[in-house]
Structure formats: C-alpha cells, structure tokens
Amino acid sequence: MYKLSTVDLGCTQAADYVQEVIRRVKNRDPDQKEFHQTIEEVLPSLVPLLDKHPEYMPALLRVVEPEQIVQFRVAWVDQNGEQHVNRGFRVQFSSAIGPYKGGLRFHPSVNVSILKFLGFEQVWKNSLTGMPIGGGKGGSDFDPKGKSDIEVMSFCQAFMTELARHIGANTDVPAGDIGVGGREIGFLFGQYKRLKNEFVGVLTGKGMTYGGSSIRPEATGYGLVYFVREMLKQQSKSYAGLKAIVSGAGNVAQYCAERLILYGAKPITLSDSRGWLHCKEGFTAESLELVMKAKNVDRITLEEMSPPEGCEYHEGSVWDNPPSADLALPCATQNEINLPQAQKLKQAGVFLVAEGANMPSSNEAIEFYIKNSIAYGPAKAANAGGVGVSALEMAQNSMRTTWKREEVDARLDEMMTNIFRESQAAAEEFNVPLYQGANIAGARRVLDAMLAEGIL
C-alpha cells in the first residue's frame with residue numbers, strides 16, 4: 001500500500017494544508033475567480049473532517065484538478081449562409097464514483113473558470129444523491145437567444161460532432177443547463193445517434209418519446225421545495241402561508257413556484273436578466289401558466305409580456321429591493337446575491353435561504369446568513385434534484401424501461417429527504433452549520449473512493 005503523506009506540502013495540520021492547496025490553485029490559475037470562489041467555500045469547510053481523518057488530506061491535491069479538460073472549435077453556418085465560430089468545452093472533473101455527469105451551458109459568459117467551478121460543485125452534489133455518478137460540466141459561449149430553430153440545430157450538430165468522441169453512456173453523460181433545454185438536447189442526441197449509429201442514454205433531459213424520464217424538467221424545482229420542506233420541519237414550521245422570493249424564470253424557478261403553490265406557500269416574484277415580476281398576494285396557478293407560456297413558448301422577456309393580474313413589473317434585480325417575505329429561493333445564476341443584498345433580505349424578514357441555482361450567493365453573503373441565524377440550504381444539496389432524476393433517467397435507459405410519473409416523483413422526494421438528513425447528520429456529528437454538513441457528507445464518499453482506487 002502506498003504511503004499517504006502530507007510532507008509534500010510541508011503541512012501536517014488540516015487547516016494549514018487546505019490553505020496551501022488553495023494558494024497553489026490560485027497561483028496556477030490566477031484568473032479563474034469563479035473556481036477560486038468555490039474552492040474557498042468548500043475546502044475550508046472540510047477541515048473538521050480532515051482533522052478526524054488526516055488520511056484524506058493528500059487527495060485534496062487531486063480533488064481540485066480536473067481529470068480532463070477538452071476545448072474545441074465549433075464552426076457553424078447561420079440561416080443567411082454566414083460562418084460563425086464558437087468555443088466548446090467539457091470539463092471532466094471526477095469519475096471516482098461513476099461516469100462524469102453534469103450539464104451543458106450555452107451562454108456568452110461560458111469559460112473554463114465557470115465550467116471548473118460548476119464541475120467541482122457537481123462532484124459533491126452528485127455524491128450527495130447516493131447515485132453512482134461522477135462530476136463534470138461543459139458548454140459553449142454560443143448564445144441561443146434570438147436564434148432560429150434551424151440555427152440552433154446547426155450549432156448543436158456542429159458542437160456534438162466534436163464532443164461525441166469524448167462522451168458515452170458509461171464514460172460521460174451530459175445534460176442541460178442554462179441555454180440548453182429540450183430543443184437543444186433533442187438536436188444534440190440526434191447528432192450523437194447519427195455519428196455513433198447507436199441508441200443509448202448518452203444524454204439526459206431527453207423528451208419522453210425518445211428515452212426521457214418523467215418530471216426531469218421539473219426535478220430541480222420540485223427537489224428544492226422538498227429540501228426546504230425538511231428544513232422547515234427542523235424549525236417546526238410548514239409552508240402554509242409563507243411568502244417566497246423566487247428569482248429566475250426558467251425551469252427551476254417555474255417548477256419551484258408550481259410546487260410552492262401546491263404546498264400552500266406564496267411565490268411572490270419571478271425574474272429574468274432584465275427585471276422581475278412582483279405579485280403581492282402570490283402567483284396563482286393561472287398567472288404562473290402565463291409566465292411559463294411567455295418563457296417556454298413565446299420565448300420573450302418578462303418585460304415584453306403583459307403582467308398577470310395583480311402583478312407589477314420592475315426593472316433590475318429583485319435582490320436590490322426585495323419585498324417582504326419569509327423565504328428566499330435564488331434560482332437564476334451564480335453570484336446573484338452579494339453581501340449588501342443579503343443584508344436587505346434580513347431587513348425584508350427572510351429567515352431561510354435555499355439555492356436552486358448553482359452558487360447564487362457570494363461567500364460573503366453565505367457568511368452573513370450564518371452569522372445572522374438565517375437558515376441556509378446550499379446549492380449542492382438543495383438543487384440536487386435535477387441531477388438525481390438524471391441519474392434515474394440513466395437507470396431507466398439501461399433497463400430499457402420507463403417509470404411512471406408518480407414513481408419518479410416519489411424517488412425524488414425520498415432522495416431529497418435523504419440528502420437533507422445526511423447533511424444534517426454530518427452537521428451534528430461535527431457541530432457545524434448545515435451547508436458545511438452537506439460538503440462533508442458529499443466529500444466523504446468521493447474521498448473514500450479516491451483512496452480505494454489509488455493515486456490516479
């Protein structure tokens with residue numbers, strides 16, 4: 001058996017070792033601020049675990065380095081016959097507990113730093129689901145907004161032509177993310193099938209007619225609501241009558257709001273990149289349906305749609321002037337809540353924040369939640385429902401079967417309940433907040449597998 005030593009970094013104490021790993025990452029990739037942010041949140045939170053199990057420490061040097069990063073040119077032609085060139089990426093971060101698993105993001109902001117941060121978060125999130133899936137992330141700086149279906153198809157086919165050689169049902173199984181919905185997944189899957197001449201579960205988030213799973217589009221939003229339900233139970237509370245600030249207007253926000261309404265809560269906001277809708281008495285099923293049509297069918301902004309009855313449109317970020325509420329559920333994008341905005345949430349009466357988006361709160365905002373006794377559900381636990389149902393889709397594809405909607409929903413509910421309980425148990429074991437317990441619970445499984453598999 002190889003010797004697991006910390007001598008190579010000159011540190012024997014966990015806290016010092018973690019800081020040295022962070023320093024090395026920053027020195028190696030000084031411009032990757034999003035990646036720096038996530039390791040500065042996750043690694044120090046593991047110190048209690050590393051103090052108890054110092055044999056894990058050397059694995060941190062490998063944990064922060066992706067197993068493989070692929071970058072490629074994507075050349076495509078628009079409907080006017082003009083050539084365009086974008087960059088495509090796939091960050092295959094960790095396969096310690098299963099094939100790489102994580103979404104594809106099509107957005108102008110996509111770069112290696114953002115994808116490394118998302119892939120790193122994905123490793124721990126996927127571990128928390130209890131399913132045998134590793135972590136990865138990918139995408140392109142292509143912007144599907146304003147593009148015709150023909151143009152999106154042209155890009156997706158060009159993108160998959162390059163990506164196909166790096167993925168597979170037992171190697172790497174991408175899914176959707178920002179800018180990659182059902183339309184894009186369909187085009188990507190079709191091109192993979194044409195290239196490989198096989199029908200396998202190489203992508204998740206597929207349509208029900210070609211290997212998809214029930215409630216996959218709803219899964220992240222529903223899962224968030226199930227996780228928050230368990231957080232509320234911990235405080236002897238229920239959803240009844242609670243007002244919730246929900247940001248975003250995509251799948252996560254839409255289905256989070258839908259399930260909140262079912263539980264008797266009142267989602268009072270939805271937002272997009274330009275502004276936000278405020279329904280003082282809460283969205284109804286009917287008013288939510290209008291937003292879903294505007295976003296999913298008409299593909300217009302909230303500003304461009306007619307506000308539902310009882311709702312007002314405001315420009316800017318909902319977090320700059322949050323209305324009075326009990327819950328804050330950011331479901332839009334990373335770093336949407338900074339410290340001043342977190343302080344305003346406290347003033348607005350918010351007592352619980354849970355994240356439907358990936359890393360929507362800055363580290364300073366998270367520190368404020370903890371110091372001010374605002375219950376905090378971190379993204380890697382609270383929004384794990386999406387990848388959890390993706391793993392269930394992979395299972396159904398492997399078995400050549402399709403489960404009923406009720407069965408998938410029940411499995412999702414059980415999964416999110418277990419994620420909360422395991423995170424809470426780790427928090428109690430190490431006497432730390434819930435977010436830290438989630439990091440520890442996710443890390444243990446990955447680190448155990450890495451030790452078992454040797455230095456790779």
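Residue pairs meeting the side-chain hydrogen bond (donor to acceptor under 3.5 Å, both in side chains) criterion with at least one partner in residues 180-200, sequence neighbours excluded, are Asp149-Arg183, Thr161-Gln191, Gln191-Arg194. The salt bridge (charged side-chain N to carboxylate O under 4.0 Å, His left out) pairs that include a residue from residues 213-228 are Glu218-Arg405, where partners are two or more places apart or lie in different chains. Residue pairs meeting the disulfide bond (SG atoms under 2.5 Å apart) criterion with at least one member in residues 92-195, sequence neighbours excluded, do not occur. Residue pairs satisfying the salt bridge (charged side-chain N to carboxylate O under 4.0 Å, His left out) criterion with at least one member in residues 299-312, sequence neighbours excluded, are listed as follows: Arg274-Glu303. Sorted by first and then second residue, the pairs that involve residues 96-117 and meet side-chain hydrogen bond (donor to acceptor under 3.5 Å, both in side chains), not counting sequence neighbours, are Asp29-Lys116, Gln32-Lys116, Glu34-Ser113, Glu67-Tyr100, Lys101-Thr204, Arg105-Asp177, Arg105-Gln334, His107-Ser109.
Annotation: ring-ring contact (aromatic ring centres under 6.0 Å, His included) contacts of His314 (sequence neighbours excluded): Trp276. Partners of Ser213 under the side chain to side chain donor-acceptor pair (under 3.5 Å) rule, at least two apart in sequence or in another chain, are Gln396. Applying the ring-ring contact (aromatic ring centres under 6.0 Å, His included) rule to His36 yields no partners; only residues at least two apart in sequence or on another chain are considered. Qualifying ring-ring contact (aromatic ring centres under 6.0 Å, His included) partners for Tyr222, counting only residues two or more places apart in sequence or in other chains: none. Looking at residues two or more places apart in sequence or on another chain, you find a ring-ring contact (aromatic ring centres under 6.0 Å, His included) between Tyr263 and Tyr239. For Cys279, the disulfide (SG to SG under 2.5 Å) test picks out Cys311, with sequence neighbours left out.
Around atom CG of Asn170, no more than 12 heavy atoms belonging to other residues, nucleotides or ligands sit under 6.0 Å away. Heavy-atom contacts from other residues, nucleotides or ligands closer than 6.0 Å to CZ of Arg445 number more than 12. Counted within 6.0 Å of CD1 on Ile150, heavy atoms from surrounding residues, nucleotides or ligands total 12 or fewer; the atom is thus considered open.
Counted by atom type alone, Glu364 and Asn338 present zero donor-acceptor pairs between their side chains at under 3.5 Å. When only modelled atom types and interatomic distance are considered, Asn358 and Glu121 share no side-chain donor-acceptor pair under 3.5 Å. With hydrogens and angles left out, the side-chain atoms of Tyr226 and Arg259 include a donor and acceptor closer than 3.5 Å.
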List the steps and the verdict of ring-ring contact (aromatic ring centres under 6.0 Å, His included) for Phe106 and Phe159. CA-CA 11 Å; Phe106 291 170; Phe159 181 87; 5.3 Å; yes

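Between the NZ atom in Lys295 and the CG atom in Leu290 there is a gap of 14.0 Å [rounded to 0.5 Å].
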Quick one: side chains of residues 70-77, donor-acceptor pairs under 3.5 Å with protein atoms, not counting sequence neighbours, listed by atom name and distance.
from: Trp76; atom 1: NE1; to: Asn86; atom 2: OD1; distance (Å): 2.8

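Taking the ring centroids of Phe117 and Phe35, they lie at or beyond the 6.0 Å cut-off.
Here Asp413 pairs with Arg229 in a salt bridge; the nearest charged N to carboxylate O distance falls below 4.0 Å. Lys293 has no carboxylate O lying under 4.0 Å from a charged side-chain N of Glu289, or vice versa, which leaves the two without a salt bridge.
Aromatic ring orientation, Phe189 versus Phe199: perpendicular (interplanar angle above 60°, classes split at 30° and 60°).
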